[in-house]
Amino acid sequence: MALLQILRYPDPRLHTVAKPVASVDTRIQTLITDMLQTMYDAKGIGLAATQVDVHERLIVMDVSEERDQPLILINPQLVWTSAETHLNEEGCLSVPGIYDGVERFDAVTVSALDAQGVSRVVESQDLLAVCIQHEMDHLMGKVFVEYLSPLKRNRIKKKMLKAQREEAQ
């Protein structure tokens, strides 16, 4: 098990569209373990492979209070969305310390492979539905700040670049 480096916005690699996972093999199993450890260590509830510079369609999540119910989605496909949406306060491990409102579907259903490569359907609502949509955006090369106004996005970009410069000193 290893902690992976989480890419930070505005790193251009966050805009890479992920390719499908070809097979659920030992490499993918190890990546799942490392991503879960990285997500838990960073106090996150979701992490897409794109965020750790692996551009394959893999997401790990755990929205449980006890942090003991990991959900793995490999090659997720959105199969249904509710008509209802609402504004959710979102944050992101790739944009630490920044939270803002993003309009998301109230409920979604996805089909995906689990950690063993078995096909499954996941029906979700509330926080899990928001997390799935947020992480699937990462697989498409989209960071949540791209839903915000250009003014807000530019402020966030400047703040993130300044923080990265200060960390490097």
Side-chain angles (χ1 to χ4, degrees), residues 1-9 14 16-96 98-99 101-147:
M1 297 191 348
L3 287 179
L4 305 171
Q5 180 185 357
I6 298 172
L7 299 178
R8 292 219 188 138
Y9 181 79
L14 288 168
T16 305
V17 176
K19 300 197 176 347
V21 171
S23 67
V24 181
D25 54 17
T26 308
R27 180 184 67 85
I28 292 297
Q29 297 285 341
T30 300
L31 180 60
I32 289 168
T33 301
D34 292 348
M35 285 176 61
L36 282 168
Q37 183 182 4
T38 301
M39 178 191 73
Y40 288 132
D41 183 72
K43 311 280 190 275
I45 60 170
L47 187 66
T50 301
Q51 293 175 271
V52 293
D53 203 21
V54 176
H55 304 286
E56 294 180 78
R57 296 184 57 78
L58 168 61
I59 295 168
V60 301
M61 288 177 262
D62 189 342
V63 298
S64 68
E65 286 290 322
E66 300 78 25
R67 315 293 284 140
D68 62 353
Q69 296 174 37
L71 175 63
I72 313 304
L73 299 176
I74 300 170
N75 298 333
Q77 302 266 334
L78 208 52
V79 293
W80 176 83
T81 59
S82 64
E84 302 81 23
T85 64
H86 69 277
L87 201 61
N88 301 281
E89 186 83 357
E90 289 187 28
C92 181
L93 294 176
S94 290
V95 195
I98 304 294
Y99 300 88
V102 177
E103 191 85 15
R104 298 281 189 192
F105 295 108
D106 289 349
V108 297
T109 301
V110 293
S111 66
L113 300 177
D114 66 14
Q116 286 70 47
V118 177
S119 184
R120 64 182 295 184
V121 173
V122 177
E123 295 178 0
S124 63
Q125 57 190 12
D126 304 322
L127 181 59
L128 181 57
V130 169
C131 188
I132 287 172
Q133 292 169 81
H134 177 106
E135 299 307 332
M136 286 185 71
D137 275 353
H138 277 300
L139 299 181
M140 298 308 298
K142 189 169 189 174
V143 181
F144 90 98
V145 297
E146 293 172 52
Y147 288 100

To the nearest 0.5 Å, tell me how far Leu31 CG sits from Leu36 CG. 9.5 Å
Atom pair CD (Glu123) and CD1 (Ile132), whose distance is rounded to the nearest 0.5 Å: 10.5 Å
Treating [X] as the side-chain partner and [Y] as the backbone partner, does any N or O pair qualify as donor plus acceptor under 3.5 Å?
{"X": "Glu135", "Y": "Ile59", "result": "no"}
{"X": "Thr81", "Y": "Val108", "result": "no"}
{"X": "Ser94", "Y": "Tyr9", "result": "no"}
{"X": "Thr38", "Y": "Leu4", "result": "yes"}
{"X": "Gln37", "Y": "Ala2", "result": "yes"}

Taking atom types as modelled, is there a side-chain donor on Glu103 or Thr85 under 3.5 Å from an acceptor on the other? yes
Are Gln125 and Ser82 close enough that some pair of their side-chain heavy atoms sits under 4.5 Å apart?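 No, side chains not in contact.
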Please tell me if the side chains of Pro70 and Met61 come closer than 4.5 Å, counting only heavy atoms from C-beta onward. no
Using distance only, find each side-chain donor-acceptor pair of residues 112-122 under 3.5 Å and give its atom names and separation, not counting sequence neighbours.
unit_1 : atom_1 : unit_2 : atom_2 : d
Asp114 : OD1    : Gln116 : N      : 2.9
Asp114 : OD1    : Gly117 : N      : 3.1
Asp114 : OD1    : Val118 : N      : 2.9

Sequence neighbours left out, what passes side-chain contact (heavy atoms from CB on, under 4.5 Å) with Tyr147? Give chain and number order.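 Counting only residues at least two positions away or on another chain, Tyr147 forms a side-chain contact (heavy atoms from CB on, under 4.5 Å) with Val102, Arg104, Asp137, Lys142.
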Where at least one partner belongs to residues 58-70, residue pairs that pass salt bridge (charged side-chain N to carboxylate O under 4.0 Å, His left out), sequence neighbours excluded: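 For residues 58-70, and leaving out neighbouring residues, there are no salt bridge (charged side-chain N to carboxylate O under 4.0 Å, His left out) pairs at all.
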